[in-house]
Amino acid sequence: MFYGIPLTSRLLLGTAQYPSPAILGEAITASGAEVITVSLRREGAGGGAFRELLRDTGRRILPNTAGCHSVREAVTTAHMARELFATNWIKLEVIGHADTLQPDPFALVEAARILCSEGFAVFPYMTEDLILAERLVEAGCRVLMPWGAPIGSGQGLRNPEGLRSLRAHFPGIALVIDAGIGAPSQAAAAMEMGFDAVLLNTAVAKARDPVGMARAFGQAVAAGRLAHEAGLMLRRDMAVASTPVFGMAELA
Amino acid sequence: MTLPPQFTVLGAGVAGLCVATALIERGARVMVIDPSPDPTGASWYAGGMLAPFCEGEAAPEAVVIAGQVARTWWAARVPGVLGHGTLVVAPPRDQPELARFARATRGHRPADPAALEPDLAGRFATGLFFADEAHLDPRATLRALRDRLRALGAELHFGGTEPPSRGQVIDCRGLAAQSALPGLRAVRGEMLLLRSTEIALARPVRLLHPRFPCYVVPRGEGLFMVGATMVETDRDGPITARAVMELLSAAYALHPALAEAELVETGAGLRPAFADNIPAIRHQGDRIFVNGLYRHGFLMAPALAEQLAQTLFQEVSLAS
């Protein structure tokens with residue numbers, strides 16, 4: 001549930017870097033994703049044809065501010081997104097470093113405050129820092145998007161313990177693992193840890209068969225969620241026999 | 001005696017000129033009309049790589065197969081088709097990109113970049129060599145194809161008052177045909193032209209990068225074309241500063257000497273593309289459209305032109 005909108009699929013899909021819009025469309029269908037993200041910064045107002053293709057998918061669109069390096073850029077891009085897509089949803093990215101694409105936490109909080117006060121439903125892309133999360137929630141965010149690892153790196157959940165404590169600290173906030181997911185097993189692991197959803201792009205878009213990979217991720221996310229709800233067994237240090245030892249026949 | 005069939009080709013980009021060539025070579029009477037007196041549009045800014053196997057990284061098998069005829073088709077008609085292959089390299093930290101590229105393509109073998117391009121010595125430990133690929137200079141090629149058509153008796157109307165069309169109209173106008181072809185969109189591409197006498201390359205070199213992949217195509221006489229961005233927008237107009245930065249930093253990563261090169265030209269073109277990014281022939285009303293060449297103009301125009309001409313001439317012979 002994001003800002004009051006219930007969703008059945010817990011996979012969110014990015015729309016960049018696909019071989020073609022046609023394959024992107026098939027991948028979205030195969031993944032079952034109900035929310036897709038799209039960037040605007042570079043394409044600008046001239047990207048109408050591509051946006052039209054995205055609208056035709058019938059999915060809910062979460063515009064993002066990818067490529068923005070300052071509060072002002074991000075806020076302006078959010079305004080433009082609201083106009084172009086007629087939505088108050090915005091995935092807020094304020095990049096702190098052009099090479100690592102690591103988010104700038106200070107600018108992120110400032111931009112989130114502005115956008116929340118303007119009535120946006122903000123999905124901030126953040127590191128897993130607890131205090132940062134607190135500030136963003138204070139600013140009005142009801143969804144947080146901690147990274148698994150740097151964008152496009154495919155490293156999976158780089159700091160699982162940090163993510164676990166983030167989950168534990170914010171039980172009432174929707175937490176979406178965003179970025180760094182390279183394999184369906186990593187997405188499943190995030191869901192098993194109790195995250196609400198996973199957002200990814202490169203791992204599907206750049207797969208040899210994006211449609212097949214999209215399906216794999218859709219199933220992994222569903223499986224991970226199901227496992228979380230069903231209650232995972234705890235790890236143990238030693239074997240635990242599933243049949244009682246007493247009464248076993250002694251054949252020596 | 002019946003006159004040979006008459007065709008009017010609209011658009012003198014690579015698609016139009018190839019279609020006109022394939023038709024006139026089969027004995028047709030051909031008129032080519034373009035509103036611009038000089039070559040322009042996406043073809044003018046193209047890379048001119050005949051690289052079906054490299055393109056297979058993202059393009060479907062149909063493009064890889066059809067693109068393989070391009071090299072011999074061009075070599076038989078225009079000068080300057082260089083069959084030196086393609087070299088693909090990646091900076092040390094982006095080695096996984098090279099492995100991914102190798103997995104996604106065929107027709108390559110591992111190669112020592114320095115053995116192929118001595119000026120890259122010491123810069124890249126490994127590379128991929130696509131020996132069966134080629135490249136040409138798109139601008140010289142467009143001019144050569146125009147001259148050849150004229151010599152073969154085609155009627156060329158470039159600029160000035162457009163004459164009324166005669167015979168079957170084949171529309172190769174790229175994005176100018178957008179209103180007639182719903183679903184055709186623009187994918188912007190930006191490029192640079194550098195001049196350096198400090199380094200020489202014999203073949204196009206592709207530099208892989210997770211975000212800004214780029215290629216450098218030698219054009220001879222110290223000229224290097226650096227391309228190209230892929231932006232989902234129909235915004236025309238000059239190259240953006242960001243594109244210049246990305247392309248130049250990629251060129252710099254390939255060889256620092258390129259930072260000392262003269263930046264002699266920047267350009268931006270709009271590639272016409274269908275939703276599947278596959279070039280296509282479409283029959284619609286009384287017109288035939290050859291469009292959606294995307295980033296495969298010089299690679300795919302020959303195959304499309306031959307396919308279309310073959311079909312049209314089969315129809316003619318059936319009708320007679």
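What you see below is based on every heavy atom in this structure, not just the backbone, and it leaves out hydrogens, waters and symmetry mates. Reminder, nothing fancy here: chain letters follow the sequence lines and each chain counts from 1.
- One finds a salt bridge joining B/Glu55 and B/Arg206 here, because a Lys/Arg side-chain nitrogen approaches an Asp/Glu carboxylate oxygen to under 4.0 Å.
- Neither the backbone nor the side chain of B/Gln178 comes within contact range of chain A; no heavy atoms are under 4.5 Å apart.
- Comparing B/Ala58, B/Ala104, B/Ala186, B/Gly183 by heavy-atom pairs within less than 4.5 Å of chain A, the highest count is held by B/Ala58.
- Heavy-atom proximity under 4.5 angstrom to chain A picks out B/Arg93, B/Arg100 from residues 93-102 of chain B.
- Around the OH atom of B/Tyr252, the shell of radius 6.0 Å holds no more than 12 heavy atoms that belong to other residues, nucleotides or ligands.
- Contacts between A/Leu101 and chain B at a heavy-atom distance below 4.5 Å involve the side chain alone, from C-beta outward.
- Here A/Phe123 and A/Trp89 bring their ring centres to under 6.0 angstrom of each other.
- With hydrogens and angles disregarded, a donor-acceptor distance shorter than 3.5 Å links the side chain of A/Asp196 to the backbone of A/Leu175.
- Neither the backbone nor the side chain of B/Ala59 comes within contact range of chain A, judged by heavy atoms closer than 4.5 Å.
- Side-chain contact, B/Arg185 with B/Asn277: a donor N or O sits under 3.5 Å from an acceptor N or O.
- The closest side-chain donor-acceptor pair between A/Gln155 and A/Arg158 falls under 3.5 angstrom.
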When the side chains of residues 176-187 of chain A are checked against the rest of the protein, which donor-acceptor pairs come out under 3.5 Å, sequence neighbours left out?
unit_1   : atom_1 : unit_2   : atom_2 : d
A/Asp178 : OD2    : A/Lys91  : NZ     : 3.0
A/Gln186 : OE1    : A/Gly182 : N      : 2.5
A/Gln186 : OE1    : A/Ala183 : N      : 3.0

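- No hydrogens or angles considered: nothing links the side chains of B/His209 and B/Glu246 as a donor-acceptor pair under 3.5 Å.
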